[in-house]
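A, B, ... follow the sequence lines: proteins, then strands. Residue 1 opens every chain.
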Amino acid sequence: MRRQRRGVKLFCLLFTFVLFAAACSSDKKSTGAGSSSSGPAQKKGGTLILGAEQWPDCLNPITQCANSSWMHWAVAGHVMPRLMELDEKGNFVPSPVLAGDPKLSGEGTSSGTGKFTIVYDIDPNAVWDDGSPMTADDLIFSLDAYLKTTGAVSTAGYDKIEKIESSNGGKTATFTFSVPYADWQDLFGGNQGYFYKKAAFAGPDTKADMIDSYTFSGGPFKLDSFDATQATFSPNAKYWDKDRTPFVDKVIFKPLADSDTELNAVKAGEVFAIYPQASPGIKDQVAQPDLKLEFAPGVSYEALYMDQNSLQTPDTVFNDKTVREAVMFAVDRQAILDQIIHPDFPDVQLLQCGVWVPTVGQWCDQTLWADVKFDPAKVKSLLEGDGWAKGADGIYAKAGKRLSFKWTINAGNKRRESIQALVIPKLKDLGIEAVPDNTDADTLFQTRLPQRQLEMGTYIQTASPDPSVTTILSCKQIPSPENSFSGQNSVAWCNQQASDLMDQSDKTPDPAKRLDLIHQIGKLLRQDAVLLPFYQLPIVTIVRTDKIEGPTTLYTPASYSAFGNIYDWSLK
Amino acid sequence: MVLYAVRRLLWSIPVIIIASILVFVAVKSTTNPAAQRCPTCRAEDSQRLAEQLHLNESGTSQYVNWFGKFSHGDFGKTLRQKPVWPDLRDAIIVTLQLGALAYVITIGLGLTIGVISAIKQYSWFDSLSTGASFFGLSIPPFFFGLILQIVLVLKFRDWFGTTPFFTSGVNNSSNTGLGYDRLIHLILPAFTVAVQGIAIYSRYMRSSMLDVLNSDFLRTARAKGISERRVIVRHALRNALIPVVTYSAIDIGAVIGGLVITEQIFQIPGMGVYFLQAFRDGEYVKILPWMMLVVLSVIALNLIADLLYGVLDPRIRLD
């Protein structure tokens, strides 16, 4: 009897162990941020073919190659490991490389001065594709590479790291920063950062490495080939996170830069999914039963920017804050939304928080521009209250200066040309003259904008998960002949109080304190009438439902593009 | 003829130098790599990059440095430290594949239609080919390419459940290999390129043939009892080809320059796509050798055309 009871106990123990082991070794996909909503019914194997509307020239994420978003979306993001990563909602979360949340300590975590440290525990199972462990040595090497590579795209943040120490057999890395650095999560991860396998490089200057191949992998896929026609991937057999074991045997990314060809290729079934920019009429173009179109607000926003000290027109009317304010109330944003954006994307809302967007982080204060509505009476009172009077031609003038300015967009952009066609006549009715001064995209973005050769422009900027706007709005970042046109503050807004707040924000790791600082900057931005935000630019994923299944549209609004979770996609 | 060829080659040297200066000035004044959009770049990063790339040196110094290396076959490295030549070479090969196929279709169909139209002047075939050639001349390649995609891929698939044609350069062959897969992917782009060429060559050939067919020496040949077939092929066609050869030499140069629009529509990674991407990226290091190779090919092919005159018409002496 005693033996029988002991046997029952043993059986129960064994049964419990088997259940536990089964749960732990579940084939794949149990839980986790960004994990699939997929079920076990998804088919394994096959080749997934995807279209990329831009194609990188090279693959080194440390050098200028990193400027290509598609380098990250189509290649590096599937192969390279990160410390912190962004989930589909734009939140920083520990990647599978880490055993848990990093631990922050030191004076710099709570104040704007002093050192601070971050301790990262690397998952004991985290290995490179050859089975060798990922260690703090790889992070130490990667730091060296970011700082010492010739032509590194940016050393921002990495240059604040005083040292990285290895302990716990290389599985713990302790970062010491010389000064507080709020955007620490973007280092070796985040939006466009990674870390690299020390053993794969001859030295820290990686300028000649990773040109068109990766000799190692720390992600769900390995890059098998890359050339001007395609990139091919196969699953990384050593990838330890079973939630991200790819379903397919092979992934091919093909460049499809022409938008009509891109749409035709997915319609013809030559590629199974694409991630194109939204364009007028795109819904009608892909109205086909086996195609699914998923729309989401993107990470970019479109706005009207007024250069307060234009080098094209030195006595620009925009150096007068009242004029800028009046123009904001004279532009009918709601009509732009209703007539140009809503026919294809009825869910898009007006953006009211300037240079942040609601779906990226928590930084957007949607009350800032909420008071700005098309209001002819307000335009009149603002201008006439400031001494402007309408001339014989119906255009306001003051002290011999007409209220006239040039408005520049990139010619050929249907959306922006439609905006001009809608807004310019309404401005004229209100006594404001806007003269189109359009130019090709390359001239606009590579010459005129960096050299501030425009008065008013309409273009998009991208909101980063980190809320810093120092590079685009700080006084020190105004491009001018004196600084060889360095900097990206192309509206020449210089509000010292705002610039100081930006500096303070960049040194404040505490998100709550930082939020307050960011909102203060936003208020000053609105108060000075620097720009008029329109909307978040919609982005689109188009998927062939007869070819693939899984959470294919989960990452549509994510920083890593719709293809951020292709490990979860399977063929039908 | 040898002396003529040598003299022409020597004359090419100053032409190439002048062309290289013009190309350098044009490219450098329209690209600004230091001002590339770079959301993550700080001002000091951009400045550091400009120094590393020697963008702060004088224009003359940059030109001398570049042309010296180019003339020794060193095409340099891109802003992203990638050697220029391997990608440029691949783009040339891909463009030559597409260009050669398009050229065969153009010459084959264009000359044949032109000759038949001339021989059967004012027949229904002549009227039809004249109408078709005007259609071919007036339809822009970007539009014709899309029409081909819609009709021969999308509609064809709707009608028959499958299609042998493709919208783009989607294939599994290597970048430059010319296999069956590559060939079938090149059919639609080659026809897109050829449609205007067929129209132009058929008109040229018809006009040229009509001039020759009405000439005295052909009447004499017929009077001597030579068969009509021999008269047409041996005497008329050979003489009528002379102006066509001139045009085709320039045309081949244009092919090497890149079938920019067609390659973009069908995503063929040739010279056109290479140029557009380089220009978009502000990669002047890639654009300069591209433009110089186009210049050199036009010069070389014009020389070949001149030499061919002598072969086609022994009365032409080159000295």
Looking only at non-hydrogen atoms, find the nearest pair between A/D57 and B/E283 and report the distance.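 Heavy atoms only, the tightest pair is OD2-OE2, 4.2 Å.
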Return the minimal non-hydrogen interatomic distance between B/Q267 and A/T261, and the atom names on each side.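 Here B/Q267 and A/T261 meet closest at CG-CG2, 4.3 Å.
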From [X] atom [atom1] to [Y] atom [atom2], the distance as rounded to the nearest 0.5 Å:
X: A/S259; Y: B/Q264; atom1: OG; atom2: CD; result: 9.5 Å
X: A/D258; Y: B/E263; atom1: CG; atom2: CD; result: 12.5 Å
X: B/D87; Y: A/D227; atom1: CG; atom2: CG; result: 9.0 Å

Is there a donor in the side chain of B/Q149 and an acceptor in the side chain of A/N264, or the other way round, less than 3.5 Å apart?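 Note: B/Q149 and A/N264 side chains meet the donor-acceptor criterion.
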What part of B/L154 is in contact with chain A, defined as an atom under 4.5 angstrom from a non-hydrogen atom: side chain, backbone, both or neither?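 Just its side chain gets close to chain A.
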Considering only heavy atoms and a distance below 4.5 Å, find which of B/D158, B/V153, B/I265 pairs most often with chain A.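 Top option by heavy-atom pairs under 4.5 Å: B/I265.
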Most contacts with chain B, counted as non-hydrogen pairs under 4.5 angstrom, among A/S225, A/P255, A/A208: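 Looking at each option in turn, the highest pair count goes to A/P255.
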Please identify each residue that fulfils ring-ring contact (aromatic ring centres under 6.0 Å, His included) with A/Y459, with sequence neighbours left out.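 Residues passing ring-ring contact (aromatic ring centres under 6.0 Å, His included) with A/Y459: A/Y305.
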Residues that B/A190 engages under side-chain contact (heavy atoms from CB on, under 4.5 Å), provided they are two or more places apart: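 Checked B/A190 against side-chain contact (heavy atoms from CB on, under 4.5 Å); matches are B/L98, B/L101, B/A102, B/I105.
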Tell me whether the count of non-hydrogen atoms from other residues, nucleotides or ligands lying under 6.0 Å of CZ in A/F226 goes above 12.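 Above 12, so yes.
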Main chain of B/T167, side chain of A/E270: is a donor-acceptor contact present, judged purely on distance under 3.5 Å?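 Looks like yes, one N/O pair under 3.5 Å.
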